[in-house]
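Naming convention: chains lettered A, B, ... in sequence-line order (proteins, then strands); numbering from 1 in each chain.
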Protein chains: 2
Amino acid sequence: MMPKLPEDLPECMVFLLGKAYQKAHANFKKQLKPYGLTNMQHLVLEGLWYQEGMTAAELGKLLIMDKATVSGILERMVETGWIVKKPDPDDGRIQRLYPSEKAGQLQERLVGERKKANQQILKKFSIEEQLLFKRLLRDLI
Amino acid sequence: MMPKLPEDLPECMVFLLGKAYQKAHANFKKQLKPYGLTNMQHLVLEGLWYQEGMTAAELGKLLIMDKATVSGILERMVETGWIVKKPDPDDGRIQRLYPSEKAGQLQERLVGERKKANQQILKKFSIEEQLLFKRLLRDLI
DNA sequence: GATTTACAGTTCGTATACAAAGGATATAAA
DNA sequence: TTTATATCCTTTGTATACGAACTGTAAATC
């Protein structure tokens, strides 16, 4: 629960959004730990399952991630065998990204974990609140 | 705006919360840049203005920050002259924290920046939506 | 075709985040 | 009072985040 806070700080959206995300992130992180995946790595897999063969730039745009951040995450995911990079035959600048076999075998369970995490957040609210909440958040993105 | 996203990913609260915070954070960051302060450093100052002399542990609890994270932030803020650490006479484990002179002189402007950042987020919504949004976020913390 | 410009990725530096372990000190218990 | 336990804080290691600079390649323009 929220402790006592300075002045109108608890009214500050930057603070509220940060702490709400912090909590949601921490819970999902725990769920993913057994798989040896981080939240962002999981997100990358979801992106590639949606459309494999994307480039790092496309993936970053889709998932709203900085190219430098994407670069690091992809490097670790190649190292740990979650994805594969294949050079594009027509464009020497590009590497196309594919989920690995190992990733594919866990796809259902991993997507299930995300849905579970999502449900654990939403279950606190009524259906109307859930829809409104999502709309409000989307309006900020 | 939000790009096309995999399956029901755009329905996922972890994702929505993360991206909404990312955006809010980025905007506030820009506002604070002229001051040479980061968002979290600003938050620490607000905490100490609310009650100076707090310990790192108390501050962390108040602002919902990990003790290791707090430690690093405080170290940098001492280095850059935003806060001062004073040893507690009764408890050798504790350092009490105070905003510096420099911080005090900028207090009004810095608090103003936060309020401005908050307004820029909230202005997109009706009063009713604003109140509901805050309540929903608080329910997650 | 040579030059400019645009784009893809990487690398570097700095700042969170947080788990885990360690060092110092205070308090409770035996 | 010696031992055990609890706190405070720091340190270490890993993973984001992201601005900025850099390399390499493609596309556009002259």
Side-chain angles (χ1 to χ4, degrees), chain A residues 14-15 17-30 32-33 35-44 53-80 82-83 85-97, chain B residues 14-15 18-30 32-33 35-44 53-61 63-80 82-83 85-97:
Chain A
V14 185
F15 180 81
L17 286 167
K19 295 310 167 184
Y21 169 62
Q22 189 178 33
K23 200 130 179 182
H25 180 272
N27 287 332
F28 192 31
K29 185 180 174 183
K30 272 183 204 161
L32 288 179
K33 196 175 182 185
Y35 300 92
L37 267 178
T38 67
N39 298 26
M40 293 305 130
Q41 290 172 1
H42 178 282
L43 187 59
V44 164
M54 268 192 291
T55 67
E58 289 166 343
L59 192 64
K61 220 165 278 173
L62 184 71
L63 304 179
I64 317 178
M65 295 169 70
D66 187 87
K67 60 185 174 182
T69 304
V70 169
S71 188
I73 293 175
L74 293 180
E75 186 194 359
R76 286 183 286 277
M77 291 183 77
V78 168
E79 249 175 51
T80 47
W82 287 104
I83 62 170
K85 283 183 179 180
K86 296 181 185 173
D88 186 293
D90 301 329
D91 191 332
R93 298 170 299 181
I94 292 174
Q95 304 255 43
R96 304 217 162 261
L97 305 166
Chain B
V14 185
F15 181 81
K19 294 312 167 182
Y21 169 63
Q22 189 179 32
K23 201 130 178 183
H25 180 272
N27 286 332
F28 192 31
K29 184 181 175 183
K30 273 183 202 162
L32 288 178
K33 196 175 181 184
Y35 301 92
L37 267 178
T38 67
N39 298 27
M40 293 305 129
Q41 290 171 3
H42 178 282
L43 187 58
V44 164
M54 268 191 292
T55 67
E58 289 166 343
L59 192 64
K61 220 165 277 174
L63 304 179
I64 318 178
M65 293 170 71
D66 187 87
K67 60 189 173 180
T69 304
V70 169
S71 189
I73 293 175
L74 294 180
E75 185 194 0
R76 286 183 286 278
M77 291 183 76
V78 168
E79 250 175 49
T80 47
W82 287 104
I83 63 170
K85 283 184 179 181
K86 296 181 184 171
D88 186 294
D90 300 327
D91 192 332
R93 298 169 300 181
I94 293 174
Q95 302 256 43
R96 303 217 162 261
L97 305 166

- Item | Residues in side-chain hydrogen bond (donor to acceptor under 3.5 Å, both in side chains) contact with A/Gln95, at least two apart in sequence or another chain |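 side-chain hydrogen bond (donor to acceptor under 3.5 Å, both in side chains) list for A/Gln95, sorted by chain: empty.
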- Task: With sequence neighbours excluded, tell me which residues meet side-chain hydrogen bond (donor to acceptor under 3.5 Å, both in side chains) with B/Asp88.
- Result: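 Counting only residues at least two positions away or on another chain, B/Asp88 forms a side-chain hydrogen bond (donor to acceptor under 3.5 Å, both in side chains) with B/Arg96.
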- With a non-hydrogen cut-off below 4.0 angstrom, is B/Ala68 in contact with a base, only sugar-phosphate, or nothing?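 Result for B/Ala68 = base.
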At under 4.0 Å, does any side-chain N or O of [X] touch on OP1 or OP2 of [N]?
| X | N | answer |
| --- | --- | --- |
| B/Tyr21 | C/dT16 | no |
| A/Gln22 | C/dC18 | yes |
| B/Gln41 | C/dT16 | yes |
| A/Thr38 | D/dT16 | yes |
| B/Lys85 | D/dT10 | yes |

- Message: With nearest nucleotide decided by heavy atoms, which residue, A/His25 or B/Glu58, maps closer to the 5′ end of DNA chain D?
- Response: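 Looking at the nearest nucleotide for each, B/Glu58 comes out on the 5' side.
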- Message: Reading DNA chain D from 5' onward, which residue's closest nucleotide shows up sooner: A/Met65 or B/Gln95?
- Response: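 So the residue in question is B/Gln95.
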- To the nearest 0.5 Å, what is the distance between CG (A/Leu97) and CE (A/Met77)?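 It is 9.5 Å, given to the nearest 0.5 Å.
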- Taking atom CD of B/Glu75 and atom OG1 of B/Thr80, what is their separation to the nearest 0.5 Å?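 Answer for the CD-OG1 pair, B/Glu75 versus B/Thr80, is 10.5 Å.
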- Partner residues of B/Asp91 under the salt bridge (charged side-chain N to carboxylate O under 4.0 Å, His left out) criterion, sequence neighbours left out: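 Listed in chain order: B/Arg93.
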- Sequence neighbours left out, what passes salt bridge (charged side-chain N to carboxylate O under 4.0 Å, His left out) with A/Asp66? Give chain and number order.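 Salt bridge (charged side-chain N to carboxylate O under 4.0 Å, His left out) check on A/Asp66 returns nothing, list empty.
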- Where each residue is assigned the nucleotide of DNA chain C containing its nearest heavy atom, which of A/Lys30 and A/Val70 is assigned the position nearer the 5′ end?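 Looking at DNA chain C, the more 5' nearest nucleotide goes with A/Val70.
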- Task: Name every residue in residues 71-80 of chain B that has at least one heavy atom under 4.0 Å from any atom of DNA chain D, in order of residue number, or write none if there are no such residues.
- Result: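 Nucleic-acid contacts, sorted: B/Ser71.
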- Message: Keeping A/Lys19 on the side-chain end and B/Leu63 on the backbone end, is there a donor-acceptor pair under 3.5 Å?
- Response: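 Yes; at least one donor-acceptor contact below 3.5 Å.
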- Taking protein heavy atoms under 4.0 Å as touching, what does nucleotides 22-27 of chain C look like 5' to 3' if B marks base contact, S marks sugar-phosphate-only contact and - marks none? ---BS-
- Centroid-centroid under 6.0 Å between B/His42 and B/Phe28 rings: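 Judged by ring-centre distance (under 6.0 Å), B/His42 and B/Phe28 do meet the cut-off.
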- Considering only C/dC18, C/dA8, D/dC9, which nucleotide approaches the side chain of B/Asp66 most closely?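 When the side chain of B/Asp66 is considered, C/dC18 is the closest of C/dC18, C/dA8, D/dC9.
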- Taking every non-hydrogen atom, the tightest pair across B/Leu59 and B/Leu74: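 In this case the closest contact between B/Leu59 and B/Leu74 is CD2-CD2, 4.1 Å.
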